[in-house]
Amino acid sequence: MSVSPPRPKGPPLNALRAFEAAARLGGFANAADELCVTPGAVSQHIKALEEWIGADLFERRSQGVRLSAFGAEVAPGFAKAFDAMGAAVHGMRAAARHKTLHIAALPSVAQLWLSPRLPKVRAALPELSISVSAVEAPPNLARELFDLSLFIRRPTGGARETVVARDVIFPVCTPLIAARLKSPADLMHETLLHDALWPEDWAIWGKTALPGQTLPDKGPRFSLYSIAMEEARNGAGVLMGHQSLVEAALARGDLVAPFAARVETGKALVLDRAGFEGAADHLAQVLTLLQEA
């Protein structure tokens with residue numbers, strides 16, 4: 001008669017994932033955002049893991065949490081393990097020759113830059129299905145099942161990133177409003193529209209166009225740049241335009257740039273690609289089409 005003694009149980013995978021994310025991102029809230037759960041759920045996972053191992057992985061403080069010496073010692077191994085798992089999953093998709101390209105993009109980039117270019121890509125590659133997710137933060141392409149991501153951020157010089165366009169900002173408004181703007185100083189008397197993602201835009205531009213002066217910080221604020229741009233088209237005020245996002249509206253004449261001053265923010269529209277592309281056969285052509293359109 002065979003004997004099957006109980007085997008020791010390891011910790012749940014979700015608990016290990018929560019620990020690795022919190023260690024890498026520096027806190028429970030950031031880990032929760034990446035894992036699409038609540039900070040409380042992350043805390044519970046890590047508490048259960050600490051009870052299982054019999055040691056503290058984090059030090060709890062009034063200002064937040066930080067890795068304990070033990071947590072810092074073991075965290076790199078889990079980071080490598082989850083990177084390897086992500087690479088294996090990407091490799092599985094690539095081997096199966098998936099005909100779906102998954103793209104993650106900043107909402108404003110997805111709507112104002114990417115969407116107008118997709119018809120050309122579909123026409124050139126009718127057999128390719130393109131899925132777009134609008135997200136606020138760049139995904140971890142080593143872990144998440146995206147093939148490409150498009151965000152306005154500071155370039156890092158990574159081997160798998162392509163700088164599509166430098167981020168250049170300048171005021172835009174309707175032709176009617178532009179007719180009464182003779183110099184940047186006239187903006188002191190106008191309604192300035194603000195985007196919540198880039199609250200420093202007006203100050204950055206003002207340092208070059210209006211040295212020694214401070215533009216008013218009051219004015220409507222919008223959580224979505226596309227809404228702010230629609231309000232600018234409606235004549236609600238003057239918006240700080242990001243060149244890659246407003247170029248189509250400028251070409252149509254919906255908006256105009258009343259001043260010559262244009263300022264680089266140090267950021268760029270950056271395209272990142274995963275290490276194992278699910279639609280690798282078409283990726284190079286897609287990259288070319290997106291940049292040409």
Side-chain angles (χ1 to χ4, degrees), residues 25 30 33-34 101-118 120-121 130-144 146-172 193-209 215 222-229 232 238-252 255-257 259-275 277 283-293:
L25 299 173
N30 292 336
D33 287 341
E34 179 174 283
L101 187 73
H102 295 276
I103 303 175
L106 190 68
S108 57
V109 173
Q111 184 171 355
L112 300 173
W113 189 91
L114 178 60
S115 181
R117 288 164 167 77
L118 291 181
K120 183 175 180 179
V121 177
I130 300 174
S131 174
V132 178
S133 297
V135 295
E136 294 293 340
N140 183 345
L141 294 183
R143 310 279 182 84
E144 300 189 51
F146 292 109
D147 301 294
L148 300 174
S149 71
L150 277 161
F151 285 81
I152 293 177
R153 61 169 180 79
R154 292 192 179 277
T156 62
R160 308 198 72 83
E161 76 173 25
T162 299
V163 173
V164 178
R166 294 291 173 185
D167 186 37
V168 179
I169 59 174
F170 48 89
V172 295
L193 308 181
H194 302 265
D195 178 77
L197 185 62
W198 299 302
E200 72 285 356
D201 278 358
W202 280 107
I204 292 173
W205 183 82
K207 286 181 181 179
T208 297
L215 287 165
F222 303 90
S223 61
L224 288 175
Y225 190 81
S226 57
I227 298 178
M229 206 169 130
V238 185
L239 174 68
M240 185 56 63
H242 289 253
Q243 184 168 291
S244 58
L245 302 181
V246 302
E247 56 189 1
L250 294 174
R252 291 191 303 268
L255 297 173
V256 297
F259 310 116
R262 301 191 175 205
V263 176
E264 288 196 17
T265 65
K267 301 175 184 177
L269 176 58
V270 178
L271 187 153
D272 287 287
R273 56 196 188 279
E277 295 84 5
L283 187 60
Q285 194 170 353
V286 169
L287 294 176
T288 299
L289 288 168
L290 288 177
Q291 293 179 79
E292 287 181 348

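Values reported hereafter were calculated over all heavy atoms of this structure, with side chains retained and with hydrogens, waters and symmetry mates removed.
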Quick check for you: to the nearest 0.5 Å, what is the distance between Ser108 atom OG and Leu114 atom CG? 11.0 Å
Is it the case that His242 and Asp195 place a side-chain donor and acceptor less than 3.5 Å from each other? no
Indicate the atoms forming the closest heavy-atom contact of Gly206 with Leu215, along with that distance. CA-CD1, 4.3 Å
For Asp272, is there an ion pair with Arg153 - N to carboxylate O distance below 4.0 angstrom? yes
Using a 3.5 Å distance criterion without hydrogens, assess whether the side chain of Glu161 forms a donor-acceptor pair with backbone atoms of Thr156. yes
Separation of Ser244 OG from Leu150 CG (nearest 0.5 Å): 10.0 Å
Holding to side-chain contact (heavy atoms from CB on, under 4.5 Å), I want the full list of residues that pass it with Gln243, two or more places apart in sequence or in another chain. Val168, Phe170, Arg262
Here the pair of heavy atoms bringing Val135 nearest to Ala104 is CG2-CB, 4.1 Å
Between CD on residue Glu200 and NZ on residue Lys207, distance to nearest 0.5 Å: 10.0 Å
Do Ser133 and Glu144 come close enough that some side-chain heavy atom pair is under 4.5 Å? no
Residue pair Leu269, Val163: steps toward the side chain to side chain contact (heavy atoms under 4.5 Å, CB included) verdict: CA-CA 6 Å; Leu269 176 58; Val163 173; over 6 Å; no
Is a side-chain N or O of Asp147 found less than 3.5 angstrom from the main chain of His102, in a donor-acceptor match? yes
Mind running side chain to side chain contact (heavy atoms under 4.5 Å, CB included) on Tyr225 and Leu239 for me, showing each step along the way? CA-CA 10 Å; Tyr225 190 81; Leu239 174 68; 3.8 Å; yes
Do Met240 and Leu193 come within less than 4.5 Å of each other through their side chains, counting heavy atoms only? no
Set out, in order, the CA-CA distance, both residues' side-chain angles and the distance that settles side chain to side chain contact (heavy atoms under 4.5 Å, CB included) for Leu255 and Met229, then state yes or no. CA-CA 9 Å; Leu255 297 173; Met229 206 169 130; 4.1 Å; yes
Which residue is it: Val246, Val164, Leu106, Ile152? I am looking for the one with a side-chain contact (heavy atoms from CB on, under 4.5 Å) to Trp113. Val164
Any idea which heavy atoms bring Trp202 and Val238 closest together, and the distance? CZ2-O, 3.3 Å
Within the distance-only criterion (no hydrogens, no angle test), does the side chain of Trp205 pair as donor or acceptor with the backbone N or O of Ala261 below 3.5 angstrom? yes
Applying side chain to side chain contact (heavy atoms under 4.5 Å, CB included) to Leu290 and Lys120, what does each step give before you reach the verdict? CA-CA 8 Å; Leu290 288 177; Lys120 183 175 180 179; over 6 Å; no
Salt-bridge criterion met for Glu247 and Arg117 (N-O under 4.0 Å): yes
Any residue meeting side-chain contact (heavy atoms from CB on, under 4.5 Å) with Pro138, in chain and number order, not counting sequence neighbours: Phe151
Straight-line distance of Asp167 CG to Thr265 OG1, nearest 0.5 Å: 3.5 Å
To the nearest 0.5 Å, what is the distance between CD on Glu264 and CD1 on Ile204? 12.0 Å
Which atom names give the shortest non-hydrogen contact between Leu250 and Val172, and what distance separates them? CD2-CG1, 4.1 Å
Correct closest heavy-atom pair for Leu141 and Ser149 would be CD1-OG, 3.9 Å
Tell me the closest heavy-atom pair linking Ser226 and Gln111, and the distance in Å. OG-OE1, 3.1 Å
Okay, side chain of Asn30, backbone of Leu25: is any donor-acceptor separation there less than 3.5 Å? yes
